[in-house]
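The structure displayed is predicted, hence computed values, not measured ones. Numbers here are sequence positions counted from 1.
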Amino acid sequence: MWPVGKHSPQSPQAPLDIIRQRRRRLLDKASIVGFFSRLALLLVMVAVVFGLVFGVMPAPNDDMSPRISAGDLLLYYRLADDWVSGDVVVVEQEEHRYVGRIVARGGDTVEVTQQATLVVNGSTVIESDIYYSTPPYESGVTYPLTLASDELFVLCDFREGGKDSRYYGPVNTGDILGKVITVVRRSGL
């Protein structure tokens with residue numbers, strides 16, 4: 001017998017115990033490698049989805065107020081091609097990104113009158129959700145303007161000073177980065 005408090009010398013491990021310990025270590029390594037490979041795959045998928053299908057950007061200014069404020073996070077769908085009047089879109093003009101609302105499509109005739117009204121195809125457009133008048137800008141856009149089949153006329157909701165088609169002219173559909181599908185308020189982050 002061994003004296004109290006002293007341990008017996010370790011007996012050699014059985015080969016089966018050694019094999020079990022090695023299997024456990026290998027399983028731990030395999031689970032770690034599996035975790036990181038799944039994480040890498042997830043990151044690649046997120047990059048593809050947000051690089052090709054969706055886009056995210058902060059609203060650059062208050063041109064779409066009161067609905068969209070500067071700093072609000074916009075999620076837009078890049079693959080949209082069914083443009084409808086009223087859609088809010090992200091536009092790239094002269095290496096700047098703008099956000100605006102489509103008010104006229106290809107084939108439409110647009111006029112912004114001196115009385116600060118919007119006229120599309122000879123009819124005055126009444127927009128119940130726009131709180132500002134629509135004055136013309138002195139920018140080189142002459143009215144009435146008939147849009148080509150691949151052009152859109154985009155206006156900001158803040159019509160008295162926002163940079164839109166009155167400023168840079170009609171937008172080619174190829175210059176539209178996507179249709180805004182949701183807005184995350186800056187105050188909600």
Side-chain angles (χ1 to χ4, degrees), residues 43-114 116-120 125 127 129-189:
L43 292 175
V44 167
M45 288 176 57
V46 166
V48 166
V49 166
F50 281 98
L52 299 175
V53 179
F54 296 103
V56 177
M57 70 174 268
N61 49 39
D62 281 325
D63 286 354
M64 291 297 289
S65 76
R67 294 231 162 80
I68 301 173
S69 299
D72 288 350
L73 198 60
L74 307 174
L75 176 66
Y76 59 94
Y77 181 58
R78 293 179 189 262
L79 303 178
D81 61 356
D82 55 337
W83 312 116
V84 179
S85 292
D87 285 345
V88 176
V89 294
V90 177
V91 177
E92 188 167 52
Q93 289 288 319
E94 302 165 3
E95 298 181 16
H96 293 288
R97 290 185 178 180
Y98 301 100
V99 180
R101 186 177 306 277
I102 296 173
V103 296
R105 302 180 315 158
D108 290 342
T109 301
V110 180
E111 184 175 3
V112 177
T113 67
Q114 292 300 322
T117 59
L118 174 65
V119 178
V120 177
V125 178
E127 298 169 298
D129 53 347
I130 303 298
Y131 306 108
Y132 308 98
S133 60
T134 310
Y137 291 172
E138 294 184 24
S139 63
V141 177
T142 56
Y143 301 105
L145 172 68
T146 301
L147 301 173
S149 62
D150 62 343
E151 291 181 330
L152 301 169
F153 201 81
V154 176
L155 292 178
C156 296
D157 286 356
F158 181 64
R159 301 282 171 90
E160 299 172 353
K163 288 189 176 178
D164 51 30
S165 287
R166 295 170 295 166
Y167 176 75
Y168 47 72
V171 176
N172 189 304
T173 54
D175 294 334
I176 294 185
L177 299 179
K179 184 188 303 187
V180 175
I181 56 175
T182 192
V183 177
V184 177
R185 299 282 173 223
R186 173 184 49 186
S187 60
L189 295 178

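Under the 4.5 Å side-chain criterion, counting only non-hydrogen atoms from C-beta, D108 is not in contact with F153. In this structure, D164 and D63 have side chains that are not in contact, with every pair of non-hydrogen atoms separated by 4.5 Å or more. In this structure, D175 and Q93 have side chains that are in contact, with non-hydrogen atoms separated by less than 4.5 Å. Using a 4.5 Å heavy-atom cutoff, the side chains of V103 and S85 are not in contact. Contact of the I68 side chain with the V88 side chain is registered, since non-hydrogen atoms from C-beta on lie closer than 4.5 Å. You'll find the side chain of D72 stays beyond 4.5 Å of the side chain of M64, heavy atoms only. The shortest side-chain heavy-atom distance between F54 and L75 falls under the 4.5 Å cut-off.
Under the side chain to side chain contact (heavy atoms under 4.5 Å, CB included) criterion, L79 pairs with V53, Y77, not counting sequence neighbours. Applying the salt bridge (charged side-chain N to carboxylate O under 4.0 Å, His left out) test to E92 and every residue at least two apart in sequence or in another chain returns nothing. For P135, the side chain to side chain contact (heavy atoms under 4.5 Å, CB included) partners two or more places apart in sequence, or in a different chain, are A116, S133, E160, R166. In terms of the side chain to side chain contact (heavy atoms under 4.5 Å, CB included) criterion, residue partners of T146 (sequence neighbours excluded) are, by chain and number, T109. K179 meets the salt bridge (charged side-chain N to carboxylate O under 4.0 Å, His left out) test with D82, D87; sequence neighbours excluded.
Shortest non-hydrogen contact noted between P58 and G71 is CB-O, 4.3 Å. Residue A104 comes nearest to V120 through the heavy atom pair CB-CG1, 4.3 Å, listed as atom of the first residue, atom of the second, then distance. Closest of all the heavy-atom pairs between G51 and R78 is O-NE, 3.5 Å. Across every non-hydrogen atom of V99 and L74, the tightest pair is CG2-CD1, 3.5 Å. Nearest heavy-atom pair, L145 versus P170, reported as atom, atom and distance to 0.1 Å: CD2-CG, 3.7 Å. Across all their heavy atoms, W83 and V89 have their closest contact at CZ3-CG1, 3.8 Å.
Between T173 atom OG1 and I102 atom CD1 the span is 10.0 Å, to the nearest 0.5 Å. One finds the OH atom of Y131 at 10.5 Å from the OG atom of S65 (value rounded to the nearest 0.5 Å).
Heavy atoms from other residues, nucleotides or ligands lying under 6.0 Å from OH of Y132 number more than 12.
Electrostatic pairing of K163 and E94 does not count as a salt bridge here, judged by no charged N lying under 4.0 Å from a carboxylate O.
Between the side chain of Y137 and the backbone N or O of G161, at least one donor-acceptor pair lies under 3.5 Å.
Here the options are L118, V119, V141, V125, the test is side chain to side chain contact (heavy atoms under 4.5 Å, CB included), and the partner is V110; only L118 passes.
Applying the side chain to side chain donor-acceptor pair (under 3.5 Å) test to pairs two or more places apart or on separate chains, those with a residue in residues 96-107 are R101-D157.
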